[in-house]
Amino acid sequence: MLKKSTSRSLDSHISKKEITIALAGNPNAGKSVVFNQLTGGNQIIGNWPGKTVERTEGWIRYRDRRIRIVDLPGIYSLSTYTEEELIAREFIISGIPDVIINVIDASLLERSLFLTLQLLEMEKPLVLAVNQLDVAESKGLKTDIDALSKLLSIPAVGVIATRGTGLNKLLTVAIESADKQDSVAPPLYGGEIEQSIEELEKILDNAYPEYPVRWLAIKIIENDEDIKRLNLPEEVLERADVIRRGLEETHGEPIEVILSSERYALASRIARTSQRYEAGKRTLLQRLDSVLLHPVFGYISMGFFLFVAFIVLFKIGSIGSSLLEGLFSRLAPMVNSLALPETVKELLWDGLLSGIISGITIALPYILPFYIFLSFLENSGYLARIAFLTDNIMHKLGLHGKGAIPIIMGYGCNVPAILGTRILESRRERVIASLLATLIPCSARTVVILGLVGAFMGLKWAFVIYLLDLVIVYMAGFLMNRYYPGETPGLIMEVPDIRIPPLKPSLRQSWFRIKEFLYIALPYIMLGSVILELIKIFGWFDTINRILSPVIVNWLGLPPITGVVLIFGLLRKELTLILLSTFSGTTNFSTILNPRQMFVFSFFVTLYVPCLATVAALKKELGNITSTLIVIGEILISLILAGLLNQLWIYLAG
Amino acid sequence: MIKPLSMLKTGERGKIVRIEGGMMVIKRLTDLGFVPEQEVEVIRSAPRGPVAIKIKGAVYALGRGIADKIYVEEVHE
Ligand SMILES: Nc1nc2c(ncn2[C@@H]2O[C@H](COP(=O)(O)OP(=O)(O)OP(=O)(O)O)[C@@H](O)[C@H]2O)c(=O)[nH]1
Ligand SMILES: [Mg+2]
């Protein structure tokens, strides 16, 4: 884990052609906004802790030089508890970054400085980006950037990342600092602790020149896990034990508490000197927040809010869909009038064009407003409130409130949801949360549910599917919790202030997601439609249908064509509906499916194997065995439930 | 009087005395600033379920089981 630091060599003050800048800081400090602004990247941003769960790089040019900027997951300290935190810590201490930009939230100065002090201990170039100055100001906090810089003896730049303010200067200062390889002075702590550190430093002498000796001494006293792997001599460890016990006796606290108190005492002194509280007032948003977290009104407002959002999104989607349909219906005669051979025209129209048109008329009107809604929801901070409110229920599913966040993200797309489970503490929680996330109807499945059941059977039937799905999610979680051995740890999660989402970054985020849909889904749609058309032209349908019909026709009660379409759905779920429309040459699905079939089809699409990308994510995060079990389990469960639903429907309809 | 943080009502304040429980939980909490002598304010508490605690300007959601193990001395204004 600990690697030799590379940039401490003597020639490092000669400016390198390529520089690596790492962005480190507390969760939710604004690292990813800084990253996106500097590199034009599309890191997920939002107002809850733990969005970035992977190391992400972007390259930019700066006066002929190549600068690598690395966005990291947020951490509160260099001690780590979850997977994404470990990723951040490893990169920070790897010695790879030439300079670290410590992004801090100025409105949480003292808490942020706790990490800053730990970063200073590494004695590597460090630049402070004092972000969210606008938020601090609105809370009545006046921050003296120069004072901060002096007290910490490192460069500090005031920034408002969402507006791009101060970012050019930040970059220049960081590159300068990397070039100079500024020596950084580690912070000094209280009397006995300093004595202990000094004593260990003497014993260590310079036996490990690749690490700053003071840093090493502190880590040894702290009993740091990684340090144990260095195989330090017995003599040093024994001495450290004596020192540690001595400190623990004088203070009457475990060493972890002593050092944290010490660091916080210093952080608090620095914060008090460099920041002044002027009058702040209770804002409307704060008052709203006390309702949102309320033990009664909190739940009522959550239910109401989500229900209204559901209705509004459906209405926008269905209106948009019919508008686009009218627009595109003028196109068909135009293609037909072209002077081309019949087969070519068929391939062009039925294969390529109508695929794209179906994709745009059926999927886009639902996905577009949904993604915009999602980005605003993410950036408002409401997700963290939902996590708070659902902590009790989540415990029944073997998770705690934080587990609700990746699961809700699943409504957008299951892939980031599964990666997002990294913020959970144990493997057990990650497996349960990932499984539940794959059962959540993502935006692609929403297209099918709303575009088919919602549009042709009525909104309340679509609502029934969502409710049924939640019941299934609950049952799955309940059973997992019952039979998967292990305990659920308690919830410890920051709840950031509720905010009015920043317009531009939120819209930009929605745009990136829509672009991804257009770039990834549309080629699939075109490919799918062409293959389908070829199958039709070569007359292979009957063979395929004969193979699939026991399941599709007899058990699920669906028309034969849906079999092929469901196979394409393995690639992406919205393909099922889009290809159904291109194949039958209509977007009026009531001509090919009756209500029972619509409902069963949508229900089955919601539950059967997650799409390819999701399976890949499951495999990457949970390994082959677990992911295979999840996939097989979901195929079986979806077949059983959808089949039973079909039989029950037929039985009830008499 | 010293009592668990979970016993404080919404709006009440306390000063942290000690934290019990596993080392992981203690360390995580001290990293966030839950250190002895630190004042905390209860933003939201209900008879059941998690509590929301404000400390050094930040709000944290703590599961009931965790709030049970943080002992505080009530602070009166
Ligand atoms: N008003 C305001 N909001 C900001 C500023 N910088 C970031 N934000 C908001 O703060 C939230 C968190 O920003 P991110 O960039 O996602 O935070 P992060 O540090 O990458 O967080 P993690 O990935 O969870 O560690 C987002 O909702 C941003 O819109 C700022 O300068 N002013
Ligand atoms: Mg981030």
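Naming: A, B, ... by sequence-line order, numbering from 1 per chain. None of the values given here were measured: they were computed from a predicted structure.
Using a 4.5 Å cut-off between heavy atoms, Phe114(A) contacts chain B through its side chain alone, with no backbone atom that close. Neither the backbone nor the side chain of Glu425(A) comes within contact range of chain B, judged by heavy atoms closer than 4.5 Å. At a 4.5 Å heavy-atom cutoff, Ser107(A) makes no contact with chain B through either its backbone or its side chain. Contacts between Glu110(A) and chain B at a heavy-atom distance below 4.5 Å involve the side chain alone, from C-beta outward.
Between chain B and the residues His294(A), Glu253(A), Arg111(A), the most heavy-atom pairs under 4.5 angstrom are made by His294(A). Counting heavy-atom pairs closer than 4.5 Å to chain B, the top-ranked of the candidates Pro254(A), Pro49(A), Gly298(A), Ser290(A) is Ser290(A).
For residues 58-70 of chain B, a heavy-atom distance under 4.5 Å to chain A picks out Ala58(B), Val59(B), Tyr60(B), Ala61(B), Leu62(B), Gly63(B), Ile66(B), given by residue number. Of residues 392-406 of chain A, those residues lying under 4.5 Å from chain B by any heavy-atom pair are Asn392(A). Using non-hydrogen atoms only and a strict 4.5 Å limit, the part of residues 27-42 of chain B facing chain A consists of Lys27(B), Arg28(B), Leu29(B), Thr30(B), Asp31(B), Leu32(B), Gly33(B), Val35(B), Pro36(B). Contacts from residues 255-275 of chain A to chain B, taken as heavy-atom pairs separated by less than 4.5 Å, involve Glu256(A), Val257(A), Ser260(A), Ser261(A), Tyr264(A) in sequence order.
Counting non-hydrogen atoms of other residues, nucleotides and ligands closer than 6.0 Å to CZ of Phe297(A) gives a total of 12 or fewer. The environment of Glu487(A) atom CD is sparse: at most 12 non-hydrogen atoms of other residues, nucleotides or ligands sit within 6.0 angstrom. The local environment of CZ in Arg499(A) is crowded, with over 12 non-hydrogen atoms from other residues, nucleotides or ligands closer than 6.0 Å.
Between Leu491(A) and Pro50(B), the closest heavy-atom pair is CD2-CB, 4.3 Å.
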